[in-house]
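Excluded from the calculations below are hydrogen atoms, water molecules and symmetry mates; all remaining heavy atoms, backbone and side chain alike, are included. Residue numbering restarts at 1 for every chain, and letters A, B, ... go by the order of the sequence lines.
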Amino acid sequence: MKKEIFEKKAYDPFEFEEKIYNFWIPYFKPRGKGKPFIILIAPPNITGSLHLGHTLQNVILDTIWRYKKMQGYDSIWFPGIDHAGIATQNVVEKELRKEGLTRFDLGREKFIDRVWQWKEKYGGIILEQFKKLGLALDWSRVKFTLDKEYVAWVEKAFLDYYKKGYIYRDLRPVNFCPRCQTSLSDLEIEYKETEGELYYIKYPLKLGGFVIIATTRPETMLADVALAINPKDEKNFHLVGKIALLPIINRELPIIVDQRVDPKFGTGILKVTPAHSLVDYEIGLRHQLPLISVIDTQAKMTDVSEFSGLDYLTARQKIVDRLKELNLIEKIEKIKHNLPVCERCKTELQVIPSKEWFLKMKDLAQLAIRAVKNKEVEIYPAKFKKPYFDWLRNIRDWCISRKIWWGQQLPVWYCQNCGDEKYVVSFKKPKIKCSQCKKSNWQRTEEVFDTWFSSALWPFAILYYQKEKKWYPADLVASAREILQLWIARMIFSGKFFMKKTPFKTVFIHPTVLTKEGKRMSKSLGIGVDPLELIEKYGTDALRFGILFQMSAHQDLRFDERPIDQGKKFLNKIWNAYRFYFLTISKHKVLKENSLSSADKKILASLKITKNFVNRKIEDFELGLALKRIYKFFWHELCDIYLETWKGETKNNPQIFRQVMLESLKLLHPFIPHLTQLIYFSFGQKKPLFFEKWQ
RNA sequence: GGGCGGGUAGCUCAGUGGCAGAGCAUCACGUUUACACCGUGAAGGUCGUGGGUUCAAAUCCCACCCCGCCCACCA
């Protein structure tokens with residue numbers, strides 16, 4: 001690539017970008033020279049394709065990678081992808097549905113084969129798309145969260161936790177999707193506003209009279225074990241300590257006090273149903289109430305009285321009819337309320353008790369809190385520390401098991417003769433005998449890990465479990481806001497627990513990319529923008545420019561396509577500025593004296609100011625402001641003024657011209673890597689531009 | 001319900017105590033030998049509303065209105 005390329009008046013990114021990327025690839029590896037600057041990538045889901053969130057996040061990191069490299073650091077980051085449990089399983093199930101099949105038709109083994117096929121076909125797509133963004137990733141070390149070594153790490157972590165008493169198995173109410181047939185974490189739940197009925201039901205008191213309870217779910221009343229009121233509720237306080245009778249089956253219900261009751265809802269009296277409500281379960285724990293379940297995993301009534309086997313909606317109607325016969329319905333009101341539905345399939349969820357594996361969070365949350373308080377990790381912008389601390393301070397134990405099929409199986413073995421009450425936690429099939437049946441007939445559980453349990457260990461796998469074992473911890477990770485708790489917090493306590501060190505020093509919570517109207521982008525609503533289409537239209541450098549130009553470290557970004565067009569024009573401006581440079585410079589002999597014209601002095605001063613400003617702003621993650629300053633410098637100070645002084649007679653110094661043009665190229669490179677590399681070749685250079693020193 | 005952020009030119013946004021800014025869009029002029037994906041210039045704003053502090057407020061304080069995001073979820 002020589003100077004002849006400048007015969008063209010306009011820059012065509014499509015002719016060069018891919019070639020330049022391929023030229024760089026070998027140089028993206030760690031060089032082993034200089035102080036490492038390590039970036040931790042957020043592994044995209046194998047279901048994913050590039051969206052503007054990924055684009056922003058990774059372009060920020062790549063810009064910093066190149067900046068740091070030019071500061072003399074050995075910048076390093078590795079690519080990887082996440083198996084993403086439920087998300088992937090549901091995508092494959094959707095494919096099956098087109099063939100008229102469900103996963104149960106295939107059976108577990110064949111279904112998992114299908115998911116692996118899917119992974120082989122689509123798993124790497126988003127990584128290929130990362131190449132299109134020009135990311136300086138070391139492609140010789142791609143990791144996947146179901147790689148053999150990775151799986152071993154996750155098992156080892158589980159065993160460690162287990163040996164130290166952090167893991168337990170318990171029967172607990174969990175959010176359960178009757179369609180997906182699995183428990184879900186809080187984060188996999190959506191709420192849908194729905195019009196429903198609020199039933200006011202009379203519960204007789206044992207010593208005469210009655211109280212009225214408001215509920216939207218009468219079918220769960222058969223699992224009631226108490227009634228509760230708020231301690232500040234003076235109106236109802238006289239009821240405390242009395243006994244109520246559960247209609248239809250006449251179970252005795254103590255009336256207790258608990259602060260979780262909202263005195264303003266309904267009559268201010270809550271029926272406590274620990275098996276089918278998470279709040280009620282908490283109340284139940286505090287008051288040592290029993291756990292009675294009346295709904296099963298199919299959302300059908302279990303074996304209680306005459307309602308057994310009915311689905312929950314039919315049962316609701318029958319129970320209401322019966323209460324009406326007994327004259328125990330005071331009134332029925334319309335109410336708007338939020339129904340919990342499965343994030344993936346939108347089925348209404350049931351809270352039901354299920355045997356699940358839990359991780360004790362109290363100590364671990366403390367580790368994560370202290371790590372940030374002691375500044376072992378810095379969270380930027382600082383305003384995100386509050387939600388981080390709030391979440392950790394109010395944390396519940398983490399349900400880490402899922403009953404889906406796609407994922408990593410727990411290293412847990414159940415006795416085939418005695419059932420799942422007898423189990424062994426072990427890496428390999430246990431040889432010991434069951435304490436009950438005295439036989440060794442162990443079967444590995446089909447339960448899999450919550451995908452976030454696996455992701456929480458990502459830094460070990462990608463940084464430590466490289467052969468060199470020397471990249472842990474990272475310097476920087478960037479994250480979307482909504483996974484601050486799900487991912488970032490969990491990586492922090494996992495790192496502190498297993499490695500005694502936080503997995504990274506700085507977390508940058510980047511802005512959310514919103515639509516022009518300020519709404520969240522959403523594929524299902526059809527208001528997303530596809531970055532690949534933008535690349536096809538404008539090229540990678542222009543996209544990078546456009547998105548970084550709009551970016552602020554503190555504020556969300558309302559996406560606007562115009563700055564990308566502006567970027568395309570800017571690239572052309574740069575192209576032509578260097579065309580002019582190469583045409584002009586050949587006509588001028590290098591001066592022997594180091595005399596500077598006033599234009600020379602002015603542009604050098606301006607370059608220095610710009611550089612200092614850009615340094616400061618990049619360190620503060622204010623890439624938008626940095627780029628705006630560079631834009632102003634290059635276009636308006638360099639092109640509009642300084643270059644003009646080279647037309648006609650000039651007293652300028654050609655050495656300064658060369659110096660300024662080379663320095664500008666370096667300044668632009670982290671933001672606009674491809675074009676600047678191309679022009680760098682025209683200066684007779686054969687190395688990557690990011691090997692140049694920034695200052 | 002709790003938390004966080006935003007409201008500045010038609011649009012997207014800079015600007016945190018000292019004469020209101022940029023890009024795009026608009027208008028006028030200019031085919032000046034790097035670039036019409038250009039240049040020169042113009043027009044355009046009661047800085048959400050009301051009050052307060054100050055010599056001075058877009059900027060600091062208080063109240064309110066509107067918009068958005070995150071978290072929790074009311075039985």
Q: Can a side-chain donor-acceptor contact be found between E333(A) and Y200(A) if the only test is distance below 3.5 angstrom?
A: yes
Q: What is the separation between atom CG on N394(A) and atom P on G3(B), rounded to the nearest whole Å?
A: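 Going from N394(A) (CG) to G3(B) (P), I get 13 Å.
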Q: For the residue pair V614(A) and A626(A), what are the closest heavy atoms and their distance?
A: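 Between these two residues, the closest heavy atoms are CG2-O, 3.7 Å.
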Q: Tell which nucleotide pairs with C4(B), taking only Watson-Crick or G-U wobble pairs whose two distances are both under 3.5 angstrom.
A: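 Here C4(B) is engaged in a pair, and the nucleotide opposite it is G68(B).
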Q: Classify L625(A) by what it touches in the nucleic acid, base, sugar-phosphate, or nothing, heavy-atom distance under 4.0 Å.
A: sugar-phosphate
Q: Tell me if the centroids of the rings in Y631(A) and F671(A) come within less than 6.0 Å of each other.
A: no
Q: Starting at CG of D560(A) and ending at C1' of G10(B), how long is that distance when rounded to a whole Å?
A: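 From D560(A) CG to G10(B) C1': 13 Å.
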Q: Might you list the N or O atoms of the protein lying below 3.5 Å from N or O atoms in nucleotides 35-38 of chain B, with each pair's distance?
A:
{"residue": "C35(B)", "atom": "OP1", "partner": "K9(A)", "partner atom": "NZ", "Å": "3.2"}
{"residue": "C35(B)", "atom": "O4'", "partner": "N576(A)", "partner atom": "OD1", "Å": "3.0"}
{"residue": "C35(B)", "atom": "O4'", "partner": "N576(A)", "partner atom": "ND2", "Å": "3.3"}
{"residue": "C35(B)", "atom": "O2'", "partner": "N572(A)", "partner atom": "ND2", "Å": "3.3"}
{"residue": "C35(B)", "atom": "O2", "partner": "K573(A)", "partner atom": "NZ", "Å": "2.9"}
{"residue": "C35(B)", "atom": "N3", "partner": "K573(A)", "partner atom": "NZ", "Å": "2.8"}
{"residue": "C38(B)", "atom": "O3'", "partner": "K573(A)", "partner atom": "NZ", "Å": "3.3"}

Q: Mind checking who C38(B) pairs with, Watson-Crick or G-U wobble, both distances under 3.5 Å?
A: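 Its partner is G30(B) (Watson-Crick or G-U wobble, both distances under 3.5 Å).
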Q: Is there a donor-acceptor contact under 3.5 Å linking the side chains of N615(A) and N612(A)?
A: no
Q: When the P atoms of G1(B) and G18(B) are compared, how many Å lie between them, rounded to an integer?
A: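 About 39 Å, rounded to a whole number of Å.
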Q: What integer number of Å spans the P atoms of U33(B) and U40(B)?
A: 15 Å
Q: If you look at every strand shown and take non-hydrogen atoms under 4.0 Å, does V272(A) touch a base, only sugar-phosphate, or nothing?
A: nothing
Q: Could you pull out all donor-acceptor pairs under 3.5 Å where a side-chain atom in residues 377-384 of chain A meets a protein atom, sequence neighbours excluded?
A:
{"residue": "K383(A)", "atom": "NZ", "partner": "H554(A)", "partner atom": "O", "Å": "3.0"}

Q: If the P atom of U59(B) is compared with that of U49(B), how far apart are they to the nearest Å?
A: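 11 Å, rounded to whole Å.
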Q: Strictly by Watson-Crick or wobble contacts shorter than 3.5 Å, is anything paired with G10(B), and which nucleotide is it?
A: C24(B)
Q: Could you work out the separation of C55(B) and G39(B) based on their P atoms and round it to a whole Å?
A: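 Approximately 46 Å lies between the P atom of C55(B) and that of G39(B).
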Q: Atom CD1 of I379(A) and atom C1' of C70(B): how far apart are they, to the nearest Å?
A: 14 Å
Q: Y581(A) pairs by ring-ring contact (aromatic ring centres under 6.0 Å, His included) with which of F657(A), Y642(A), W575(A), W646(A)?
A: F657(A)
Q: Can you figure out which of U12(B), A34(B), G68(B) approaches the side chain of R558(A) most closely?
A: U12(B)
Q: Should U46(B) form a Watson-Crick or G-U wobble pair with both distances under 3.5 Å, which nucleotide is its partner?
A: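 Here U46(B) is not engaged in any pair, so there is no nucleotide opposite it.
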Q: G23(B), OP1 or OP2 - any side-chain N/O from Q550(A) closer than 4.0 Å?
A: no
Q: To the nearest Å, give me how far apart OH (Y642(A)) and C1' (A34(B)) are.
A: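 Nearest whole value for this atom pair: 15 Å.
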Q: Roughly how many Å apart are C47(B) and G21(B), using the C1' atom of each and rounding to a whole number?
A: 12 Å
Q: If the C1' atom of G15(B) is compared with that of U8(B), how far apart are they to the nearest Å?
A: 9 Å
Q: Which whole number of Å gives the distance between the P atom of G50(B) and that of C13(B)?
A: 25 Å
Q: Quick check on RNA chain B: between F559(A) and V279(A), whose nearest nucleotide comes earlier from the 5' end?
A: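 Of the two residues, F559(A) wins.
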Q: Rounded to whole angstrom units, what separation is found between the OH atom of Y631(A) and the C1' atom of C13(B)?
A: 14 Å
Q: Given the C1' atoms of U31(B) and G45(B), what is the spacing between them in whole Å?
A: 35 Å
Q: What is the nucleic acid contact for T512(A), judged by heavy atoms within less than 4.0 Å: base, sugar-phosphate only, or nothing?
A: nothing
Q: Measure from CD on E190(A) to C1' on C71(B) and round the result to the nearest Å.
A: 15 Å
Q: Determine, step by step, whether S597(A) and K602(A) satisfy the side-chain hydrogen bond (donor to acceptor under 3.5 Å, both in side chains) criterion, reporting the C-alpha distance in whole Å, the side-chain angles of both residues, the deciding distance to 0.1 Å, and the verdict.
A: CA-CA 9 Å; S597(A) 69; K602(A) 218 171 161 188; over 6 Å; no
Q: Using a distance-only criterion (donor-acceptor N/O pair, under 3.5 Å, no hydrogens), is the base of C69(B) paired with the side chain of R481(A)?
A: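 Absent.
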Q: What does A58(B) pair with, Watson-Crick or G-U, if both distances are under 3.5 Å?
A: none
Q: How many whole angstroms separate atom CH2 of W391(A) from atom C1' of C71(B)?
A: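 Atom CH2 in W391(A) sits about 12 Å away from atom C1' in C71(B).
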Q: Establish, yes or no, whether a centroid distance under 6.0 Å links the rings of W398(A) and F358(A).
A: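 W398(A) vs F358(A): aromatic centres not under 6.0 Å.
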Q: What contact category does T220(A) fall into here, base, sugar-phosphate, or nothing, at under 4.0 angstrom with non-hydrogen atoms?
A: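 Counting heavy atoms under 4.0 Å across all strands, no contact is made by T220(A).
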Q: Output the rounded distance in Å from CD (Q555(A)) to P (C69(B)).
A: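 Going from CD in Q555(A) over to P in C69(B) covers 14 Å.
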Q: Could you please name the option among C69(B), C13(B), A34(B) that lies closest to any side-chain atom of L514(A)?
A: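 Nearest to the side-chain atoms of L514(A), counting from C-beta on, is C69(B).
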Q: Does the side chain of E348(A) come under 3.5 Å of the side chain of Y312(A) through a donor N or O and an acceptor N or O?
A: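 Their side chains do contain a donor-acceptor pair, which is all the 3.5 Å distance test asks for.
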Q: Report the residue (A214(A) or A577(A)) whose heavy-atom-nearest nucleotide on RNA chain B is the more 5′ of the two.
A: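 The residue whose closest nucleotide sits nearer the 5' end is A577(A).
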